[in-house]
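Structure first, commentary second.
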Amino acid sequence: GDSVTQMEGPVTLSEEAFLTINCTYTATGYPSLFWYVQYPGEGLQLLLKATKADDKGSNKGFEATYRKETTSFHLEKGSVQVSDSAVYFCALSGGYNKLIFGAGTRLAVHP
Amino acid sequence: NAGVTQTPKFRILKIGQSMTLQCTQDMNHNYMYWYRQDPGMGLKLIYYSVGAGITDKGEVPNGYNVSRSTTEDFPLRLELAAPSQTSVYFCASSDNRVGTYSNQPQHFGDGTRLSIL
């Protein structure tokens with residue numbers, strides 16, 4: 001069945017460092033891909049999405065490109081801030097928009 | 001604009017008790033979902049609904065039931081609580097009126113943290 005694999009955390013960075021969180025997927029068909037972010041004590045919020053191969057999703061300085069040839073959707077940000085500390089989830093969707101999530105990657109950014 | 005509202009936020013149950021987790025959305029979304037999130041894990045789909053009167057099982061439906069009598073409400077029922085159901089439960093909704101593969105983003109509630117002792 002469909003699945004999503006994310007790099008394990010926690011990821012600890014200093015402010016202004018470069019961030020990469022790896023995400024690969026296995027799917028039949030052509031799913032849409034998403035990154036969601038979860039701040040402490042809150043629900044998940046959509047960070048960005050891509051609906052077809054070579055699409056780049058971007059939001060708040062974060063970017064991810066839908067790579068069909070490597071079945072990947074890695075999340076990047078050029079300069080992280082303390083306020084980016086959260087748990088990041090990679091997900092794919094198929095029929096009925098059902099989401100399949102990766103395990104999540106906790107990011108901690110220190111001043 | 002309230003979005004997706006879940007109640008209660010926290011609850012402790014004894015083994016064998018039953019309870020209903022409430023979820024309501026005010027965005028007129030046709031699709032709704034229930035997920036559970038176990039520590040260090042991603043979310044797993046319990047049940048989903050594509051409209052009032054229509055529900056279907058997700059990946060982990062055992063021990064749960066749902067109903068969808070209105071567009072706004074999608075309650076999740078635990079009949080005989082077991083320790084394995086200790087988790088954080090999230091309700092979500094999305095607007096998929098243009099088709100089942102429209103892949104619109106899901107909007108999540110803040111979750112219900114449930115402990116079963």
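Labels below follow one simple rule: chain letters A, B, ... track the order of the sequence lines, proteins then strands, and each chain is numbered from 1.
Looking at B/L45, only its side chain comes within 4.5 Å of chain A, counting heavy atoms on both sides. Looking at B/Q6, there are no atoms closer than 4.5 Å to chain A (heavy atoms on both sides), in backbone or side chain.
Using a 4.5 Å heavy-atom threshold, the side chains of A/L99 and B/Q106 count as touching. Looking at heavy atoms from C-beta onward, B/Y31 lies out of side-chain contact with A/K98 at the 4.5 angstrom threshold. Put simply, the side chain of B/Y48 does not reach to within 4.5 Å of the side chain of A/N97, judged on heavy atoms. Under the 4.5 Å side-chain criterion, counting only non-hydrogen atoms from C-beta, A/F101 is not in contact with B/Q37.
One finds the CD1 atom of A/I100 at 7.0 Å from the CD atom of B/E59 (value rounded to the nearest 0.5 Å). If you take CD on A/E42 and CZ on B/F108, they are separated by 13.5 Å, rounding to the nearest 0.5 Å.
Interface check for chain B: of the options A/L44, A/V4, A/L46, the most heavy-atom pairs under 4.5 Å are formed by A/L44. Comparing A/Q45, A/Q38, A/E8, A/R106 by how many heavy-atom pairs each has under 4.5 Å with chain B, the most go to A/Q38.
Using a 4.5 Å cut-off between side-chain heavy atoms of Ile, Leu, Val, Met, Phe, Trp and Tyr, with links allowed through other members, A/F34 and A/L92 fall into different hydrophobic clusters. Clustering ILVMFWY residues whenever any of their side-chain heavy atoms sit less than 4.5 angstrom apart, transitively, puts A/L47 in the very cluster that holds A/L107. In the hydrophobic clustering of ILVMFWY residues, with side-chain heavy atoms under 4.5 Å counting as a link, A/V11 and A/V37 come out together. Linking ILVMFWY residues whenever their side-chain heavy atoms come closer than 4.5 Å, directly or via other members, leaves B/V60 and B/Y33 in distinct clusters. Side-chain heavy atoms closer than 4.5 Å link hydrophobic residues (I, L, V, M, F, W, Y) into clusters, and following such links, possibly through other members, connects B/M19 to B/Y64.
No more than 12 heavy-atom neighbours from other residues, nucleotides or ligands sit within 6.0 angstrom of CD on A/E16. Around CD1 of B/I54, the count of heavy atoms belonging to other residues, nucleotides or ligands within 6.0 Å exceeds 12.
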